[in-house]
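Written out below as C-alpha coordinates is the structure these notes cover.
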2 protein chains.
Amino acid sequence: MSGRRVSFRAIRDEMARRIGQREWAPGALIPAEEALAREFGAARATVNRALQELARSGLIERKRKAGTRVVPHPVREARFAIPLVRQEIEARGQTYHYRLLSRAEEGLPEAVAARMKLKTGSVRLHVRALHLADGAPYQYEDRWINTGAVPGARAESFEVVSPNEWLVAKAPFSEADLTVFADAATEEEARLLNVASGAPVFVVERLTWLVEKPITLVRMVHPGTHRMVSRL
Amino acid sequence: MSGRRVSFRAIRDEMARRIGQREWAPGALIPAEEALAREFGAARATVNRALQELARSGLIERKRKAGTRVVPHPVREARFAIPLVRQEIEARGQTYHYRLLSRAEEGLPEAVAARMKLKTGSVRLHVRALHLADGAPYQYEDRWINTGAVPGARAESFEVVSPNEWLVAKAPFSEADLTVFADAATEEEARLLNVASGAPVFVVERLTWLVEKPITLVRMVHPGTHRMVSRL
DNA sequence: GAGTGGTCTAGACCACTCA
DNA sequence: GAGTGGTCTAGACCACTCC
(Lines give C-alpha, C1' and ligand atoms only; values in the text may rest on other atoms or scores of the structure.)
Protein backbone atom coordinates (compact mmCIF):
# COMPACT_ATOMS: atom_id res chain seq x y z
CA MET A 1 0.00 0.00 0.00
CA SER A 2 1.06 3.59 -0.45
CA GLY A 3 1.29 6.08 2.41
CA ARG A 4 1.31 5.36 6.12
CA ARG A 5 0.13 2.09 7.57
CA VAL A 6 -3.32 2.09 9.05
CA SER A 7 -3.51 1.43 12.78
CA PHE A 8 -6.04 -0.94 14.30
CA ARG A 9 -7.08 1.93 16.59
CA ALA A 10 -8.02 4.10 13.66
CA ILE A 11 -10.05 1.30 12.16
CA ARG A 12 -11.65 0.48 15.51
CA ASP A 13 -12.57 4.11 16.12
CA GLU A 14 -14.02 4.55 12.66
CA MET A 15 -16.14 1.44 13.05
CA ALA A 16 -17.26 2.59 16.50
CA ARG A 17 -18.24 5.91 14.95
CA ARG A 18 -20.34 4.16 12.32
CA ILE A 19 -22.11 2.21 15.03
CA GLY A 20 -22.65 5.33 17.10
CA GLN A 21 -23.98 7.31 14.16
CA ARG A 22 -26.26 4.45 13.15
CA GLU A 23 -24.55 4.13 9.78
CA TRP A 24 -24.38 0.53 10.89
CA ALA A 25 -27.79 -0.02 12.46
CA PRO A 26 -28.42 -1.95 15.68
CA GLY A 27 -28.78 -5.62 14.85
CA ALA A 28 -27.42 -5.20 11.34
CA LEU A 29 -24.78 -7.36 9.74
CA ILE A 30 -21.55 -5.54 8.92
CA PRO A 31 -19.15 -6.38 6.08
CA ALA A 32 -16.83 -9.35 6.40
CA GLU A 33 -13.22 -8.90 7.45
CA GLU A 34 -11.83 -9.23 3.99
CA ALA A 35 -14.10 -6.55 2.57
CA LEU A 36 -13.24 -4.22 5.45
CA ALA A 37 -9.54 -4.91 4.97
CA ARG A 38 -9.87 -3.87 1.35
CA GLU A 39 -11.87 -0.77 2.26
CA PHE A 40 -9.42 0.40 4.91
CA GLY A 41 -6.34 -0.64 2.97
CA ALA A 42 -5.07 -2.81 5.80
CA ALA A 43 -4.24 -6.44 6.38
CA ARG A 44 -7.06 -8.68 7.47
CA ALA A 45 -5.26 -9.33 10.78
CA THR A 46 -5.39 -5.63 11.54
CA VAL A 47 -9.10 -5.39 10.87
CA ASN A 48 -9.56 -8.55 12.92
CA ARG A 49 -7.87 -6.97 15.89
CA ALA A 50 -10.06 -3.88 15.66
CA LEU A 51 -13.17 -6.05 15.46
CA GLN A 52 -12.09 -8.19 18.39
CA GLU A 53 -11.71 -5.10 20.54
CA LEU A 54 -15.19 -3.92 19.66
CA ALA A 55 -16.51 -7.39 20.42
CA ARG A 56 -14.77 -7.41 23.77
CA SER A 57 -16.29 -4.08 24.72
CA GLY A 58 -19.70 -5.48 23.84
CA LEU A 59 -20.56 -3.39 20.77
CA ILE A 60 -20.64 -6.23 18.25
CA GLU A 61 -21.15 -9.97 18.24
CA ARG A 62 -19.26 -12.30 15.96
CA LYS A 63 -20.03 -15.79 14.75
CA ARG A 64 -18.22 -17.87 12.22
CA LYS A 65 -20.05 -18.22 8.99
CA ALA A 66 -22.88 -16.02 10.30
CA GLY A 67 -20.73 -12.90 10.31
CA THR A 68 -20.58 -9.87 12.60
CA ARG A 69 -23.62 -8.03 13.96
CA VAL A 70 -24.09 -4.77 15.84
CA VAL A 71 -25.46 -5.65 19.29
CA PRO A 72 -28.87 -3.97 19.71
CA HIS A 73 -28.56 -3.14 23.43
CA PRO A 74 -25.01 -3.45 24.69
CA VAL A 75 -24.75 -4.78 28.24
CA ARG A 76 -23.68 -2.17 30.66
CA GLU A 77 -21.60 -2.78 33.71
CA ALA A 78 -18.81 -1.14 35.64
CA ARG A 79 -16.00 -2.90 37.43
CA PHE A 80 -14.51 -1.81 40.72
CA ALA A 81 -11.22 -3.00 42.11
CA ILE A 82 -11.23 -4.63 45.55
CA PRO A 83 -7.98 -3.40 47.03
CA LEU A 84 -6.28 -3.86 50.36
CA VAL A 85 -6.82 -0.76 52.49
CA ARG A 86 -3.11 -0.52 52.94
CA GLN A 87 -2.48 -0.50 49.20
CA GLU A 88 -5.29 1.96 48.65
CA ILE A 89 -3.66 4.38 51.07
CA GLU A 90 -0.10 3.81 49.96
CA ALA A 91 -1.12 4.26 46.32
CA ARG A 92 -2.13 7.79 47.32
CA GLY A 93 1.38 8.37 48.57
CA GLN A 94 0.27 8.41 52.21
CA THR A 95 1.57 6.53 55.21
CA TYR A 96 -0.57 3.69 56.46
CA HIS A 97 -1.34 2.92 60.09
CA TYR A 98 -3.56 0.32 61.66
CA ARG A 99 -5.20 0.19 65.07
CA LEU A 100 -7.14 -2.71 66.54
CA LEU A 101 -10.19 -1.53 68.47
CA SER A 102 -11.66 -4.79 69.71
CA ARG A 103 -11.59 -8.53 69.12
CA ALA A 104 -14.00 -11.04 70.60
CA GLU A 105 -15.82 -14.26 69.91
CA GLU A 106 -19.52 -13.45 70.04
CA GLY A 107 -22.91 -14.71 68.99
CA LEU A 108 -24.01 -13.50 65.53
CA PRO A 109 -26.69 -10.79 65.47
CA GLU A 110 -29.66 -11.79 63.36
CA ALA A 111 -28.93 -9.41 60.46
CA VAL A 112 -25.35 -10.62 60.16
CA ALA A 113 -26.30 -14.29 60.43
CA ALA A 114 -28.91 -13.93 57.72
CA ARG A 115 -26.50 -12.41 55.24
CA MET A 116 -23.82 -14.98 55.92
CA LYS A 117 -26.36 -17.80 55.87
CA LEU A 118 -25.31 -18.90 59.34
CA LYS A 119 -27.37 -19.49 62.50
CA THR A 120 -28.30 -16.52 64.62
CA GLY A 121 -26.41 -16.61 67.91
CA SER A 122 -23.76 -19.07 66.75
CA VAL A 123 -20.33 -17.91 67.87
CA ARG A 124 -17.96 -16.28 65.40
CA LEU A 125 -15.07 -13.85 65.54
CA HIS A 126 -15.91 -10.14 65.68
CA VAL A 127 -13.15 -7.62 65.00
CA ARG A 128 -13.28 -3.84 64.93
CA ALA A 129 -10.37 -1.75 63.69
CA LEU A 130 -9.31 1.61 62.36
CA HIS A 131 -7.15 2.34 59.32
CA LEU A 132 -5.34 5.67 59.12
CA ALA A 133 -3.73 7.60 56.28
CA ASP A 134 -0.98 10.01 57.34
CA GLY A 135 -2.38 9.73 60.84
CA ALA A 136 -5.91 10.75 59.86
CA PRO A 137 -8.80 8.28 60.14
CA TYR A 138 -9.45 6.74 56.74
CA GLN A 139 -11.66 3.74 57.34
CA TYR A 140 -13.47 2.22 60.28
CA GLU A 141 -13.89 -1.51 59.88
CA ASP A 142 -16.44 -3.74 61.61
CA ARG A 143 -15.89 -7.35 60.65
CA TRP A 144 -17.25 -10.82 61.32
CA ILE A 145 -15.08 -13.77 60.38
CA ASN A 146 -16.56 -17.21 59.85
CA THR A 147 -14.17 -19.23 61.99
CA GLY A 148 -15.97 -22.31 60.73
CA ALA A 149 -14.38 -21.77 57.34
CA VAL A 150 -11.22 -20.03 58.55
CA PRO A 151 -10.26 -21.73 61.81
CA GLY A 152 -6.77 -20.19 61.87
CA ALA A 153 -8.30 -16.81 62.64
CA ARG A 154 -9.06 -17.85 66.24
CA ALA A 155 -5.32 -18.05 66.93
CA GLU A 156 -4.54 -14.65 65.44
CA SER A 157 -4.60 -11.56 67.66
CA PHE A 158 -4.93 -9.01 64.83
CA GLU A 159 -2.99 -6.57 66.95
CA VAL A 160 -0.33 -5.98 64.31
CA VAL A 161 -1.69 -7.49 61.11
CA SER A 162 -5.11 -6.25 60.02
CA PRO A 163 -7.83 -8.84 59.33
CA ASN A 164 -7.88 -7.56 55.77
CA GLU A 165 -4.26 -8.49 55.11
CA TRP A 166 -4.37 -11.62 57.18
CA LEU A 167 -7.36 -12.92 55.25
CA VAL A 168 -5.90 -12.06 51.86
CA ALA A 169 -2.83 -14.09 52.72
CA LYS A 170 -4.56 -16.99 54.46
CA ALA A 171 -8.09 -17.28 53.15
CA PRO A 172 -8.65 -16.91 49.43
CA PHE A 173 -12.17 -16.17 48.27
CA SER A 174 -13.86 -16.82 44.96
CA GLU A 175 -16.77 -14.38 45.03
CA ALA A 176 -17.56 -11.08 46.69
CA ASP A 177 -20.87 -9.30 47.16
CA LEU A 178 -20.62 -5.56 47.57
CA THR A 179 -23.18 -3.06 48.78
CA VAL A 180 -22.40 0.64 48.92
CA PHE A 181 -24.47 3.49 50.29
CA ALA A 182 -24.39 6.79 52.14
CA ASP A 183 -25.33 7.12 55.79
CA ALA A 184 -25.22 9.55 58.66
CA ALA A 185 -22.35 8.94 61.06
CA THR A 186 -23.35 7.41 64.40
CA GLU A 187 -21.90 8.92 67.56
CA GLU A 188 -19.19 6.26 67.66
CA GLU A 189 -18.33 6.47 63.96
CA ALA A 190 -18.16 10.23 64.20
CA ARG A 191 -15.74 10.01 67.10
CA LEU A 192 -13.53 7.42 65.41
CA LEU A 193 -13.48 9.09 62.00
CA ASN A 194 -13.16 12.56 63.42
CA VAL A 195 -16.25 13.97 61.70
CA ALA A 196 -19.40 15.57 63.07
CA SER A 197 -22.10 13.28 64.38
CA GLY A 198 -24.68 12.86 61.64
CA ALA A 199 -22.24 13.90 58.93
CA PRO A 200 -22.37 11.92 55.68
CA VAL A 201 -20.28 8.76 55.67
CA PHE A 202 -19.63 6.42 52.78
CA VAL A 203 -20.23 2.78 53.63
CA VAL A 204 -19.06 -0.31 51.78
CA GLU A 205 -20.25 -3.70 52.92
CA ARG A 206 -18.42 -6.68 51.53
CA LEU A 207 -19.32 -10.31 51.93
CA THR A 208 -16.87 -12.86 50.54
CA TRP A 209 -17.40 -16.52 49.78
CA LEU A 210 -15.17 -19.45 48.97
CA VAL A 211 -17.51 -21.32 46.70
CA GLU A 212 -20.63 -21.73 48.90
CA LYS A 213 -18.99 -20.93 52.23
CA PRO A 214 -19.09 -17.47 53.77
CA ILE A 215 -15.64 -16.22 54.72
CA THR A 216 -16.13 -12.77 56.14
CA LEU A 217 -18.63 -9.91 56.28
CA VAL A 218 -17.15 -6.47 56.71
CA ARG A 219 -18.67 -3.03 57.01
CA MET A 220 -16.19 -0.31 56.04
CA VAL A 221 -17.09 3.24 56.96
CA HIS A 222 -15.28 6.22 55.40
CA PRO A 223 -15.64 9.96 55.81
CA GLY A 224 -18.07 11.28 53.15
CA THR A 225 -15.27 12.73 51.08
CA HIS A 226 -14.14 9.21 50.14
CA ARG A 227 -14.46 8.30 46.46
CA MET A 228 -14.86 4.85 44.99
CA VAL A 229 -13.81 4.83 41.34
CA SER A 230 -14.30 2.15 38.71
CA ARG A 231 -11.28 0.82 36.90
CA LEU A 232 -10.40 2.81 33.81
CA MET B 1 8.69 -26.16 13.72
CA SER B 2 7.68 -29.79 13.87
CA GLY B 3 4.39 -31.04 15.29
CA ARG B 4 1.24 -29.07 16.01
CA ARG B 5 1.20 -25.31 16.26
CA VAL B 6 1.15 -23.90 19.76
CA SER B 7 -1.91 -21.85 20.69
CA PHE B 8 -1.70 -18.53 22.48
CA ARG B 9 -4.14 -19.94 25.05
CA ALA B 10 -1.80 -22.78 25.93
CA ILE B 11 1.07 -20.35 26.32
CA ARG B 12 -1.07 -17.93 28.33
CA ASP B 13 -2.30 -20.69 30.65
CA GLU B 14 1.15 -22.09 31.17
CA MET B 15 2.47 -18.65 32.07
CA ALA B 16 -0.49 -18.07 34.41
CA ARG B 17 0.32 -21.39 36.07
CA ARG B 18 3.94 -20.36 36.61
CA ILE B 19 2.79 -17.15 38.22
CA GLY B 20 0.26 -18.96 40.41
CA GLN B 21 2.84 -21.57 41.51
CA ARG B 22 5.40 -18.85 42.23
CA GLU B 23 7.77 -20.29 39.64
CA TRP B 24 7.77 -16.72 38.49
CA ALA B 25 7.85 -14.83 41.76
CA PRO B 26 5.74 -11.77 42.54
CA GLY B 27 7.56 -8.68 41.33
CA ALA B 28 10.06 -10.68 39.28
CA LEU B 29 11.05 -9.94 35.71
CA ILE B 30 10.08 -12.65 33.25
CA PRO B 31 11.93 -13.52 30.02
CA ALA B 32 11.56 -11.28 26.99
CA GLU B 33 9.14 -12.17 24.21
CA GLU B 34 11.80 -13.52 21.91
CA ALA B 35 13.17 -15.88 24.53
CA LEU B 36 9.69 -17.12 25.37
CA ALA B 37 8.91 -17.60 21.70
CA ARG B 38 11.98 -19.82 21.40
CA GLU B 39 11.09 -21.73 24.56
CA PHE B 40 7.51 -22.40 23.50
CA GLY B 41 8.37 -22.96 19.85
CA ALA B 42 5.98 -20.25 18.70
CA ALA B 43 6.14 -17.01 16.79
CA ARG B 44 6.83 -13.88 18.78
CA ALA B 45 3.40 -12.52 17.83
CA THR B 46 1.77 -15.51 19.49
CA VAL B 47 3.67 -15.05 22.72
CA ASN B 48 2.87 -11.35 22.53
CA ARG B 49 -0.83 -12.06 22.39
CA ALA B 50 -0.63 -14.39 25.39
CA LEU B 51 1.28 -11.76 27.34
CA GLN B 52 -1.16 -9.02 26.40
CA GLU B 53 -4.03 -11.07 27.76
CA LEU B 54 -2.24 -11.64 31.05
CA ALA B 55 -1.49 -7.93 31.24
CA ARG B 56 -5.13 -7.08 30.60
CA SER B 57 -6.26 -9.35 33.37
CA GLY B 58 -3.84 -7.65 35.73
CA LEU B 59 -1.38 -10.46 36.36
CA ILE B 60 1.64 -8.81 34.75
CA GLU B 61 2.83 -5.31 33.91
CA ARG B 62 4.74 -4.54 30.75
CA LYS B 63 7.02 -1.65 29.85
CA ARG B 64 9.14 -1.17 26.80
CA LYS B 65 12.80 -1.59 27.42
CA ALA B 66 12.13 -2.37 31.10
CA GLY B 67 10.49 -5.71 30.29
CA THR B 68 7.60 -7.63 31.85
CA ARG B 69 7.05 -8.07 35.58
CA VAL B 70 4.72 -10.21 37.66
CA VAL B 71 2.38 -7.89 39.58
CA PRO B 72 2.95 -8.51 43.32
CA HIS B 73 -0.70 -8.47 44.44
CA PRO B 74 -3.25 -9.01 41.70
CA VAL B 75 -6.36 -6.96 42.40
CA ARG B 76 -9.79 -8.55 42.50
CA GLU B 77 -12.88 -6.81 41.26
CA ALA B 78 -16.63 -6.47 41.71
CA ARG B 79 -19.04 -5.71 38.91
CA PHE B 80 -22.06 -3.43 39.08
CA ALA B 81 -24.83 -3.32 36.53
CA ILE B 82 -25.60 0.04 34.94
CA PRO B 83 -29.40 0.10 34.76
CA LEU B 84 -31.93 2.52 33.36
CA VAL B 85 -33.47 4.50 36.22
CA ARG B 86 -36.88 3.51 34.97
CA GLN B 87 -36.04 -0.18 35.06
CA GLU B 88 -34.41 0.17 38.46
CA ILE B 89 -37.60 1.66 39.86
CA GLU B 90 -40.00 -0.64 38.08
CA ALA B 91 -37.98 -3.66 39.21
CA ARG B 92 -38.86 -2.60 42.76
CA GLY B 93 -42.52 -2.76 41.84
CA GLN B 94 -42.92 1.01 41.97
CA THR B 95 -44.39 3.42 39.46
CA TYR B 96 -41.94 5.57 37.55
CA HIS B 97 -42.33 9.26 36.81
CA TYR B 98 -40.02 11.69 35.11
CA ARG B 99 -39.81 15.47 35.30
CA LEU B 100 -37.57 17.74 33.26
CA LEU B 101 -36.17 20.61 35.32
CA SER B 102 -34.08 22.49 32.77
CA ARG B 103 -32.48 22.14 29.36
CA ALA B 104 -29.98 24.54 27.84
CA GLU B 105 -26.94 24.75 25.62
CA GLU B 106 -24.17 26.21 27.73
CA GLY B 107 -20.42 26.55 27.95
CA LEU B 108 -18.70 23.69 29.81
CA PRO B 109 -17.45 24.49 33.30
CA GLU B 110 -13.79 23.70 33.71
CA ALA B 111 -14.28 20.63 35.91
CA VAL B 112 -16.74 19.07 33.47
CA ALA B 113 -14.60 19.88 30.43
CA ALA B 114 -11.55 18.31 32.02
CA ARG B 115 -13.28 15.05 32.77
CA MET B 116 -14.79 14.80 29.30
CA LYS B 117 -11.53 15.85 27.69
CA LEU B 118 -13.26 18.73 25.93
CA LYS B 119 -12.43 22.43 25.85
CA THR B 120 -13.57 24.61 28.73
CA GLY B 121 -16.31 26.94 27.61
CA SER B 122 -17.20 25.03 24.45
CA VAL B 123 -20.95 24.72 24.13
CA ARG B 124 -22.70 21.46 24.99
CA LEU B 125 -26.15 20.40 26.12
CA HIS B 126 -26.93 20.64 29.83
CA VAL B 127 -30.01 18.84 31.18
CA ARG B 128 -31.37 18.60 34.72
CA ALA B 129 -34.18 16.24 35.63
CA LEU B 130 -35.89 14.40 38.44
CA HIS B 131 -36.89 10.72 38.57
CA LEU B 132 -39.63 9.66 40.96
CA ALA B 133 -40.73 6.32 42.40
CA ASP B 134 -44.38 6.13 43.46
CA GLY B 135 -44.39 9.90 43.42
CA ALA B 136 -41.43 10.24 45.79
CA PRO B 137 -38.13 11.73 44.60
CA TYR B 138 -35.73 8.91 43.74
CA GLN B 139 -32.91 10.48 41.78
CA TYR B 140 -31.87 13.98 40.80
CA GLU B 141 -29.92 14.01 37.55
CA ASP B 142 -27.54 16.70 36.32
CA ARG B 143 -26.21 15.82 32.88
CA TRP B 144 -23.95 17.14 30.14
CA ILE B 145 -24.28 15.65 26.68
CA ASN B 146 -21.48 15.88 24.13
CA THR B 147 -23.49 17.09 21.15
CA GLY B 148 -20.32 16.78 19.12
CA ALA B 149 -20.63 13.00 19.34
CA VAL B 150 -24.43 12.88 19.62
CA PRO B 151 -25.74 15.63 17.36
CA GLY B 152 -29.33 14.35 17.44
CA ALA B 153 -29.65 15.42 21.08
CA ARG B 154 -29.89 19.08 20.05
CA ALA B 155 -33.23 18.38 18.40
CA GLU B 156 -34.69 16.53 21.38
CA SER B 157 -36.66 18.40 24.02
CA PHE B 158 -36.35 15.75 26.76
CA GLU B 159 -39.74 16.85 28.06
CA VAL B 160 -41.25 13.38 27.82
CA VAL B 161 -38.34 11.01 27.26
CA SER B 162 -35.53 11.20 29.81
CA PRO B 163 -31.98 11.73 28.54
CA ASN B 164 -31.13 8.37 30.04
CA GLU B 165 -33.58 6.49 27.86
CA TRP B 166 -33.01 8.65 24.83
CA LEU B 167 -29.27 8.07 24.96
CA VAL B 168 -29.62 4.34 25.45
CA ALA B 169 -31.71 4.17 22.32
CA LYS B 170 -29.71 6.60 20.21
CA ALA B 171 -26.14 6.66 21.43
CA PRO B 172 -24.40 3.42 22.34
CA PHE B 173 -21.31 3.53 24.51
CA SER B 174 -18.51 1.07 24.95
CA GLU B 175 -17.02 2.10 28.30
CA ALA B 176 -18.25 3.78 31.45
CA ASP B 177 -16.28 5.37 34.26
CA LEU B 178 -18.13 5.48 37.56
CA THR B 179 -17.36 7.41 40.71
CA VAL B 180 -19.51 6.95 43.80
CA PHE B 181 -19.38 8.79 47.09
CA ALA B 182 -21.41 10.23 49.92
CA ASP B 183 -22.09 13.93 50.24
CA ALA B 184 -24.20 16.38 52.18
CA ALA B 185 -27.29 17.56 50.31
CA THR B 186 -27.08 21.11 48.98
CA GLU B 187 -30.07 23.40 49.51
CA GLU B 188 -31.36 22.64 46.04
CA GLU B 189 -30.79 18.89 46.23
CA ALA B 190 -32.50 18.81 49.62
CA ARG B 191 -35.53 20.60 48.23
CA LEU B 192 -35.74 18.39 45.14
CA LEU B 193 -35.17 15.11 46.96
CA ASN B 194 -37.31 16.09 49.93
CA VAL B 195 -34.63 15.53 52.54
CA ALA B 196 -33.09 17.88 55.11
CA SER B 197 -30.41 20.24 53.90
CA GLY B 198 -27.04 18.71 54.76
CA ALA B 199 -28.51 15.21 55.02
CA PRO B 200 -26.41 12.38 53.55
CA VAL B 201 -26.95 11.79 49.85
CA PHE B 202 -25.53 9.04 47.69
CA VAL B 203 -23.93 10.32 44.52
CA VAL B 204 -23.03 8.39 41.40
CA GLU B 205 -21.13 10.13 38.63
CA ARG B 206 -21.02 8.32 35.33
CA LEU B 207 -18.96 9.23 32.30
CA THR B 208 -19.53 7.17 29.18
CA TRP B 209 -17.37 6.80 26.08
CA LEU B 210 -17.79 5.40 22.63
CA VAL B 211 -14.27 4.07 22.32
CA GLU B 212 -12.32 7.33 22.72
CA LYS B 213 -15.13 9.86 22.42
CA PRO B 214 -16.99 11.19 25.45
CA ILE B 215 -20.76 10.75 25.19
CA THR B 216 -22.25 12.06 28.40
CA LEU B 217 -21.30 12.95 31.98
CA VAL B 218 -24.06 12.61 34.53
CA ARG B 219 -24.25 13.24 38.25
CA MET B 220 -27.03 11.24 39.89
CA VAL B 221 -27.98 12.19 43.43
CA HIS B 222 -30.07 9.85 45.60
CA PRO B 223 -31.36 10.09 49.18
CA GLY B 224 -28.82 8.45 51.51
CA THR B 225 -30.95 5.36 51.94
CA HIS B 226 -30.18 4.32 48.36
CA ARG B 227 -28.19 1.08 47.97
CA MET B 228 -25.96 0.10 45.09
CA VAL B 229 -25.41 -3.66 44.98
CA SER B 230 -22.93 -5.66 42.92
CA ARG B 231 -24.12 -8.38 40.58
CA LEU B 232 -24.39 -11.73 42.27
C1' DG C 1 22.29 4.00 21.59
C1' DA C 2 20.19 -0.15 22.42
C1' DG C 3 16.81 -3.30 24.33
C1' DT C 4 12.09 -4.41 24.78
C1' DG C 5 7.40 -4.29 23.71
C1' DG C 6 3.80 -2.61 20.02
C1' DT C 7 2.02 -3.19 15.69
C1' DC C 8 1.49 -4.27 10.82
C1' DT C 9 1.75 -7.34 6.66
C1' DA C 10 0.92 -11.21 3.55
C1' DG C 11 -0.12 -15.58 3.43
C1' DA C 12 -1.79 -19.81 5.18
C1' DC C 13 -4.58 -23.18 7.38
C1' DC C 14 -8.05 -24.31 10.79
C1' DA C 15 -12.73 -24.52 13.02
C1' DC C 16 -17.17 -23.52 13.38
C1' DT C 17 -21.70 -23.18 11.63
C1' DC C 18 -25.19 -22.28 8.31
C1' DA C 19 -27.70 -23.92 4.42
C1' DG D 1 -19.90 -27.69 1.04
C1' DA D 2 -18.75 -23.16 1.56
C1' DG D 3 -18.41 -18.74 3.89
C1' DT D 4 -16.75 -16.37 7.84
C1' DG D 5 -14.12 -15.62 11.74
C1' DG D 6 -9.90 -17.51 14.61
C1' DT D 7 -5.26 -18.08 14.83
C1' DC D 8 -0.43 -18.75 13.61
C1' DT D 9 3.97 -17.60 11.15
C1' DA D 10 8.04 -15.02 9.71
C1' DG D 11 9.65 -10.89 9.01
C1' DA D 12 9.80 -6.04 9.42
C1' DC D 13 9.73 -1.54 11.29
C1' DC D 14 8.31 1.60 14.90
C1' DA D 15 8.13 3.77 19.62
C1' DC D 16 9.17 4.13 24.05
C1' DT D 17 12.32 4.24 27.73
C1' DC D 18 16.34 3.12 30.27
C1' DC D 19 21.26 3.75 30.42
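Proteins get letters first, then strands, A, B, ... in listed order; numbering begins at 1 in each. Excluded from the calculations below are hydrogen atoms, water molecules and symmetry mates; all remaining heavy atoms, backbone and side chain alike, are included.
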Please state how far atom CD1 in B:Ile60 lies from atom P in C:dT4, giving the value in whole angstrom units.
15 Å

Could you give the CD1-to-P distance, from B:Ile11 to D:dT7, as a whole number of Å?
13 Å

Looking at B:Gln52, does any N or O in its side chain come under 4.0 Å of the phosphate oxygens OP1/OP2 on C:dT7?
yes

Under 3.5 Å donor-acceptor pair, A:Arg44 side-chain atoms to D:dT7 base atoms
yes

Any side-chain N or O of A:Thr46 under 4.0 Å from OP1/OP2 of C:dT7?
no

Does a salt bridge link A:Arg44 with A:Glu34, judged by any charged N lying under 4.0 Å from a carboxylate O?
no

With both distances kept under 3.5 Å, what pairs with C:dC18, Watson-Crick or G-U wobble?
D:dG1

On DNA chain C, compare the nucleotides closest to A:Val47 and A:Lys63; which residue's is nearer the 5' end?
A:Val47

Examine D:dG6: is either OP1 or OP2 under 4.0 Å from a nitrogen or oxygen in the side chain of A:Asn48? Give yes or no.
yes

If you check every side-chain atom of A:Lys65, which of D:dT9, C:dC8, C:dC18 has the closest atom?
C:dC18

Could you check whether the rings of B:Tyr138 and B:His222 sit parallel, tilted or perpendicular, using 30° and 60° as the cut-offs?
perpendicular

For the residue pair A:His131 and A:Tyr98, is the inter-centroid distance of their aromatic rings smaller than 6.0 Å?
yes

Cationic N near anionic O, under 4.0 Å, B:Glu156 to B:Lys170:
no

Calculate the interatomic distance between A:Glu33 atom CD and C:dC14 atom P; express it in whole Å.
18 Å

Whole Å only: how far is the CD atom of B:Glu61 from the C1' atom of D:dC18?
17 Å

Who is the Watson-Crick or G-U wobble partner of D:dC13, with both distances under 3.5 Å?
C:dG6

With a 6.0 Å cut-off on ring centres, are B:Phe181 and A:His226 close enough?
no

Between C:dC8 (P) and A:Phe8 (CZ): distance, integer Å
6 Å

Counting only side-chain N and O atoms of B:Arg64, is one of them less than 4.0 Å from OP1 or OP2 of C:dG3?
no

For B:Ala32, report the nucleic acid contact type (base, sugar-phosphate, nothing); a contact means any heavy atom under 4.0 Å.
sugar-phosphate

Presence of B:Arg62 side-chain N/O under 4.0 Å of C:dT4 phosphate oxygens OP1/OP2:
no

Measure the distance from CZ on A:Arg56 to P on D:dG5 and round it to the nearest whole Å.
18 Å

In whole Å, I'd like the distance from the CZ atom of A:Arg38 to the P atom of C:dA10.
14 Å

Protein-nucleotide distance (A:Leu51, atom CG; C:dC8, atom P), rounded to Å
13 Å

At under 4.0 Å, does any side-chain N or O of B:Thr68 touch on OP1 or OP2 of C:dT4?
no

